[in-house]
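These numbers come from the heavy atoms of this one structure, side chains and all, not from hydrogens, waters or symmetry mates. Just so we're on the same page: letters track the sequence lines, and every chain starts at 1. Bear in mind the structure is a predicted one, so any value in this text is a computation, not a measurement.
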2 protein chains.
Amino acid sequence: MARNKRQQDREEKRKEIITTARTLFLNEGYDATSMSRIAAANGIAANTIYWYFKDKDELLVNVLNEQMISRAAEYFLMKDKGIVERLSWVIDQLKIAYQLVATVHARLHLSPELNLWHERFHHIVENVLHEELKLLGVDENKIPARVKVAVFTIEGILSHPVTEHEQAEICQALFSV
Amino acid sequence: MARNKRQQDREEKRKEIITTARTLFLNEGYDATSMSRIAAANGIAANTIYWYFKDKDELLVNVLNEQMISRAAEYFLMKDKGIVERLSWVIDQLKIAYQLVATVHARLHLSPELNLWHERFHHIVENVLHEELKLLGVDENKIPARVKVAVFTIEGILSHPVTEHEQAEICQALFSV
DNA sequence: ACCTGAACACCGTTCAAGT
DNA sequence: ACCTGAACACCGTTCAAGT
């Protein structure tokens with residue numbers, strides 16, 4: 001792995017570590033991925049990571065952010081597709097990261113930074129869903145509760161065994177006026 | 001703490017350890033509660049716990065079971081109350097244990113025993129909810145999807161900041177025919 | 001500024017040895 | 001059958017020391 005020389009490389013190196021961590025977190029899970037493992041995959045010593053990130057939770061927040069940004073970019077390219085198709089795409093993407101979803105919920109109270117990220121993430125998602133329901137013509141003052149139900153249901157689908165057929169029925173139930 | 005003498009005490013001692021673990025898991029969380037901590041609270045050495053339980057996950061399953069059984073007993077004493085009141089009681093009880101809910105979801109794939117418990121738990125809860133929706137007169141073949149949405153929404157309420165007002169609106173949305 | 005070896009204070013779990 | 005001290009193989013993190 002390319003050695004670091006000067007300040008210009010700092011952001012680049014950070015990104016390298018984040019990418020490695022993302023792969024490992026998604027494949028093996030957060031707890032199962034040790035700092036040594038991430039470091040080894042980057043050709044550095046375990047404690048070197050602490051020069052780039054405060055702790056493991058800050059690294060997690062960065063991984064989550066990178067993942068969210070890249071997925072959001074793709075999502076907004078689907079503007080022409082139907083709501084149902086876009087929603088099932090979102091669920092598919094989240095399913096890939098479902099281990100991390102559970103980890104975030106389990107570690108919320110241990111890390112203020114993670115808690116903040118979680119709040120912001122929900123804020124963004126809820127804004128998008130609010131807009132979708134508005135476009136569908138749902139009664140404006142019933143939208144907030146409907147949005148919460150939709151968000152929580154999506155999370156539930158991620159963390160529980162649900163057949164394709166069940167998932168389709170559930171999505172239909174969420175977006176019927 | 002009372003020393004153990006013969007086989008008759010085994011179940012009793014197991015219960016003692018489970019009770020201690022339950023208190024600590026609920027107050028401090030699963031990860032934050034070490035085996036040493038549980039052992040110390042029971043006046044025994046850390047490794048002694050392994051004579052009563054295979055590992056920490058088996059202890060967790062027993063804690064969850066005990067909690068579920070005691071809560072279920074109370075629930076069925078509320079038969080005369082309305083559905084909304086009973087549901088909000090269930091949510092309150094689950095909120096007390098919300099840390100464990102997140103832990104269960106995060107550890108599902110690490111422990112087959114925990115996974116099995118989780119499946120059984122959902123089976124029980126879904127049966128109860130199915131019955132409730134049936135009594136409300138919901139269209140029979142729309143019930144399964146509605147049950148899933150209700151279960152996932154309840155879990156969402158547990159793990160996210162939701163105001164009393166929002167919660168009331170959400171519950172109303174779930175049980176409107 | 002960047003990186004490391006060594007150490008610290010923990011984990012959950014195993015095992016040989018005690019009663 | 002029940003319990004323990006000591007050890008094992010890990011953690012995440014800190015720190016003094018190197019370049």
Side-chain angles (χ1 to χ4, degrees), chain A residues 1-18 20-21 24-25 28-63 99-100 103-104 106-107 109-114, chain B residues 1-18 20-21 24-25 28-63 99-100 103-104 106-107 109-114:
Chain A
M1 296 295 148
R3 287 248 166 259
N4 211 348
K5 330 145 206 172
R6 282 268 154 265
Q7 322 159 261
Q8 293 124 319
D9 291 320
R10 187 175 170 81
E11 266 316 301
E12 204 181 309
K13 186 102 183 210
R14 264 180 71 97
K15 285 240 163 100
E16 272 179 37
I17 296 169
I18 292 167
T20 310
L24 290 168
F25 285 170
E28 320 275 346
Y30 178 79
D31 283 330
T33 304
S34 67
M35 295 297 260
S36 320
R37 184 82 181 72
I38 299 165
N42 272 90
I44 53 176
N47 49 2
T48 302
I49 296 176
Y50 290 85
W51 198 84
Y52 293 94
F53 302 93
K54 201 191 90 196
D55 53 26
K56 201 181 176 186
D57 281 302
E58 192 188 294
L59 183 51
L60 174 60
V61 168
N62 277 277
V63 165
Q99 280 208 47
L100 291 189
T103 300
V104 168
R107 297 189 64 77
H109 70 292
L110 296 175
S111 164
E113 296 90 346
L114 192 57
Chain B
M1 295 293 147
R3 288 248 166 259
N4 211 347
K5 327 146 208 171
R6 282 265 156 267
Q7 323 160 262
Q8 294 122 320
D9 291 321
R10 187 174 170 82
E11 266 316 302
E12 203 181 309
K13 185 102 183 209
R14 264 179 71 97
K15 285 240 162 100
E16 271 178 36
I17 296 170
I18 292 168
T20 309
L24 289 168
F25 285 170
E28 320 275 346
Y30 179 78
D31 283 329
T33 304
S34 67
M35 295 296 261
S36 320
R37 184 82 181 73
I38 300 165
N42 272 89
I44 54 177
N47 50 2
T48 302
I49 295 176
Y50 290 85
W51 199 83
Y52 292 94
F53 302 93
K54 199 192 91 196
D55 53 24
K56 201 181 175 186
D57 281 303
E58 191 187 293
L59 183 51
L60 173 60
V61 168
N62 277 276
V63 165
Q99 281 209 47
L100 290 189
T103 300
V104 168
R107 298 189 63 78
H109 69 294
L110 297 174
S111 164
E113 297 90 346
L114 192 58

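The salt bridge (charged side-chain N to carboxylate O under 4.0 Å, His left out) search around A:Glu113 returns A:Lys54, not counting sequence neighbours.
Other residues, nucleotides and ligands place no more than 12 heavy atoms under 6.0 Å from the CZ atom of B:Arg37.
Contact check for B:Leu114 versus B:Glu58: no side-chain heavy atoms found under the 4.5 Å cut-off.
Under 3.5 Å, the side chains of B:Tyr30 and B:Asp57 contain a donor-acceptor pair of N or O atoms.
For the atom pair CZ of B:Phe25 and NZ of B:Lys56, the computed distance is 5.5 Å after rounding to the nearest 0.5 Å. Note that CD of B:Glu16 and CD1 of B:Ile44 are 9.0 Å apart. Values are rounded to the nearest 0.5 Å. Here the straight-line distance linking atom CG of A:Asn42 with atom CD1 of A:Ile17 works out to 5.5 Å at 0.5 Å rounding. The structure places CD1 of B:Ile18 at 7.5 Å from CD of B:Glu11, a figure rounded to the nearest 0.5 Å.
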If the sugar-phosphate is the primed atoms plus P, OP1 and OP2 and the base is the rest, what is the B/S/- string for nucleotides 10-15 of chain C, using protein heavy atoms under 4.0 Å?
-SSBBB
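Stem analysis of DNA chain D (Watson-Crick or G-U pairs, both distances under 3.5 Å, runs of at least three) returns C:4-8 with D:12-16, C:12-16 with D:4-8.
Summarising the geometry, the separation between CD1 on B:Ile44 and C1' on D:dA1 is reported as 15 Å, rounded to the nearest angstrom.
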